[in-house]
Engineer: 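Following this message is one structure expressed as structure tokens.
Values in this document were obtained by computation on a predicted structure and should not be read as measured data. Chain letters run A, B, ... following the sequence lines, proteins first, then strands; residues in each count from 1.
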Protein chains: 2
Amino acid sequence: MSADDPITAWLRPPPASVGPKPEYSRERIAAEAIALADAQGLDAVSIRRVARGVGSGPASLYRYIGSRGELLELMMDAVAGEYDLGPLGDSPAAQLVALALQGRSIMRRHRWLPPLLLTRPSMGPNSLAYLERALQALDGTDMAGADKLQTVAMLTAITSAFVQNETASDTLMGQDGVPPERVRYLSEVMGSGRYPFLTAAFTAAPNQAGPEELLGALIRNHLSGAGLRE
Amino acid sequence: MSADDPITAWLRPPPASVGPKPEYSRERIAAEAIALADAQGLDAVSIRRVARGVGSGPASLYRYIGSRGELLELMMDAVAGEYDLGPLGDSPAAQLVALALQGRSIMRRHRWLPPLLLTRPSMGPNSLAYLERALQALDGTDMAGADKLQTVAMLTAITSAFVQNETASDTLMGQDGVPPERVRYLSEVMGSGRYPFLTAAFTAAPNQAGPEELLGALIRNHLSGAGLRE
DNA sequence: TGGTAATTGCGAACAATGTTCGCAATGAAA
DNA sequence: TTTCATTGCGAACATTGTTCGCAATTACCA
């Protein structure tokens, strides 16, 4: 019953044959929600605002979705369709790295995506296609089935967390030159002398490598530990 | 200004010297919020319910916290205090694995924690102590400062994601014997024949190793890729 | 052709949320 | 004793997700 469970969005009955033709569509609604989230963040995705965007009344949306959570599922799956799942490279590791890099740019296009991916499963058709493709990359390796699933899950988790850190430090310094309270707090913490290792780590030279190389190295590290090299 | 930013909770002015003595405390409020979340999930942590729990009016809480987001920060930092940061082992890797295993049991005690950790930074005193301890474990290695931070961040991200998967599959089959819609959907997907690799991975024998061994292996994998062995 | 029944769009309403405002009561400092 | 920052909080506001009931629509069937 609980309509906020993941998955319920993909179990809707086939389009009815009697009654008035639907004026809107799940695709249209999801697109509007995505546009809203891209521009103003996830919190801007309220039923009423989405409805205004598609030109309907708020209650009408519930003919297409069962709950707000279901709408978020639709959004996730829609952007999962932005993957290019064609040939990706030779070794399994190279293929998975390529997928992760694609994931990074999708997540940077849609900054609301990492928190969602880290928080709820995505099981729509596009997400399943991505998952299938990633598992295909692991075909032929001697990894056990359960480990493959684990590995792919960690792949997206690592990528999401990485992008989240990345965009967080992009925003660390406010867009105006004024340092926000976060910076004030951090320097107070580091000045206290109570956290020498933290202070040292923060004071050290920032990483030279670009973000793509960094993420690639992270993924390769993870995979090499699991027995995969390129 | 935005009072929902992380960190603002730790920049409050020192206790005033004039005026009536506070009847409540941030600790008391956080404890009540944690009890609520442990019992009924994060959504149960509403200002009004917490206030009822501590025996105050809803508006009174705003003398202690700036926003609901700040309350969540207090909760996160309070449970970060459950770490035992004493001697943990010899090699850096062994120490970090020990920390991750502690993290796992904390997260299992507080199922609302992983989504929060994956979503917002935690920078209170207890969280900083944990971070400092993890960085200390990496002292002496030839890892660059920025990489150390990255590594520790990934450590908690991996642990959180792992626990989230773990408790999700615990709950996969509903507590009653009736398979929920999720299961129906999954078998429909696998029966469709459109996802052979996915089906194979799911059909394969589940992992033999216990969750602690599994998480330990994940962490060791990650670290060994970064140049650390035990 | 006319009627039946399912389905759509949606105005109105409900319960719950986070948060702000203003005021009476408190109590340390002057 | 006066001052005044600070506390607790009732009341209110805006906004949220969601449900209900009804009129309009349209395919199917007698």
Engineer: Is the phosphate of C/dC10 approached by A/Ser60 (side-chain N or O, under 4.0 Å from OP1 or OP2)?
Structural biologist: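 True: A/Ser60 side-chain N/O within range (under 4.0 Å) of C/dC10 OP1/OP2.
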Engineer: I need the CG-P distance between A/Leu61 and C/dC10, as an integer number of Å.
Structural biologist: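 It works out to 10 Å between those atoms.
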Engineer: For B/Arg48 and D/dG8, give me the distance from atom CZ to atom P, rounded to whole Å.
Structural biologist: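 So the CZ-P distance, B/Arg48 to D/dG8, works out to 18 Å.
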Engineer: Under 4.0 Å, heavy atoms only, any strand: does A/Val45 hit a base, just the sugar-phosphate, or nothing?
Structural biologist: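 Sugar-phosphate only.
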Engineer: Could you pull out all residues at least two apart from A/Asp38 that satisfy side chain to side chain donor-acceptor pair (under 3.5 Å)?
Structural biologist: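 Result, side chain to side chain donor-acceptor pair (under 3.5 Å) vs A/Asp38: A/His110, A/Trp112.
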Engineer: Name the nucleic acid region contacted by B/Ala59, choosing base, sugar-phosphate or nothing; use a 4.0 angstrom heavy-atom cut-off, strictly under.
Structural biologist: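 The answer is base, as B/Ala59 lies within the cut-off (heavy atoms under 4.0 Å) of a base atom.
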Engineer: Does any donor-acceptor pair link the side chain of B/Arg63 with the base of D/dG8 at a separation under 3.5 Å?
Structural biologist: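 Donor-acceptor pair under 3.5 Å: yes.
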Engineer: Only one of A/Glu212, A/Glu166, A/Glu82 passes salt bridge (charged side-chain N to carboxylate O under 4.0 Å, His left out) with A/Arg108; say which it is.
Structural biologist: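 Testing each of A/Glu212, A/Glu166, A/Glu82 against A/Arg108, the sole residue satisfying salt bridge (charged side-chain N to carboxylate O under 4.0 Å, His left out) is A/Glu166.
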Engineer: When all nucleic acid strands are considered with a 4.0 Å heavy-atom cut-off, which category describes A/Tyr62: base, sugar-phosphate, or nothing?
Structural biologist: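 Touches a base.
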Engineer: Can you tell me how far C1' of D/dA27 sits from NZ of A/Lys21, to the nearest Å?
Structural biologist: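 Checked: the NZ to C1' distance equals 10 Å.
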Engineer: Hey, does B/Ser46 reach any base, or is it just sugar-phosphate, or nothing, if we go heavy atoms under 4.0 Å?
Structural biologist: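 Here B/Ser46 touches the backbone only, sparing every base.
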Engineer: I need the CZ-C1' distance between A/Arg68 and D/dT18, as an integer number of Å.
Structural biologist: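 After rounding, the reported distance stands at 13 Å.
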Engineer: 5'-most contact on DNA chain D: B/Gly55 or B/Ser17, nearest heavy atom basis?
Structural biologist: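 Nearer the 5' end of the strand: B/Ser17.
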Engineer: Could you check whether any side-chain N or O of A/Arg26 sits under 3.5 Å from a backbone N or O of A/Leu71, counting only pairs where one atom can act as donor and the other as acceptor?
Structural biologist: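 Side chain of A/Arg26 to backbone of A/Leu71, a donor-acceptor pair under 3.5 Å: no, none is there.
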Engineer: Let me know the distance between CG of B/Leu71 and C1' of C/dT17, rounded to the nearest Å.
Structural biologist: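 Taking atom C1' of C/dT17 as the reference, CG of B/Leu71 is at 14 Å.
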Engineer: Looking at C/dC10, I'd like to know if its phosphate oxygens (OP1 or OP2) sit under 4.0 Å from a side-chain N or O belonging to A/Tyr24.
Structural biologist: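 Result: yes.
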Engineer: Just how far, in rounded Å, is C1' of C/dA16 from CZ of B/Arg52?
Structural biologist: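 Going from CZ in B/Arg52 over to C1' in C/dA16 covers 11 Å.
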Engineer: Where the side chain of A/Tyr64 is concerned, which of C/dG9, C/dT26, D/dG8 is the nearest nucleotide?
Structural biologist: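 Looking only at side-chain atoms, A/Tyr64 lies closest to C/dG9.
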Engineer: Measuring to OP1 and OP2 of D/dT15, would you say a side-chain N or O of A/Arg49 lies under 4.0 angstrom away?
Structural biologist: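 For D/dT15, neither OP1 nor OP2 has a side-chain N or O of A/Arg49 closer than 4.0 Å.
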Engineer: Hey, are the side chains of B/Leu138 and B/Leu96 touching, using non-hydrogen atoms and a 4.5 Å cut-off?
Structural biologist: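 In contact.
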Engineer: How many whole angstroms separate atom CD1 of A/Ile47 from atom P of D/dA14?
Structural biologist: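 Going from A/Ile47 (CD1) to D/dA14 (P), I get 22 Å.
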Engineer: Using a 4.0 Å heavy-atom cut-off, does B/Gly19 contact any base of the nucleic acid, only the sugar-phosphate backbone, or nothing at all?
Structural biologist: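 Here B/Gly19 touches the bases of the nucleic acid.
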Engineer: In whole Å, what is the span from the CD atom of A/Glu23 to the P atom of D/dA24?
Structural biologist: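 The answer, rounded to whole Å, is 15 Å.
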Engineer: Please determine whether a side-chain nitrogen of the Lys or Arg among A/Arg52 and A/Glu32 lies less than 4.0 Å from a carboxylate oxygen of the Asp or Glu.
Structural biologist: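 Salt bridge between A/Arg52 and A/Glu32, a charged N being under 4.0 Å from a carboxylate O: no.
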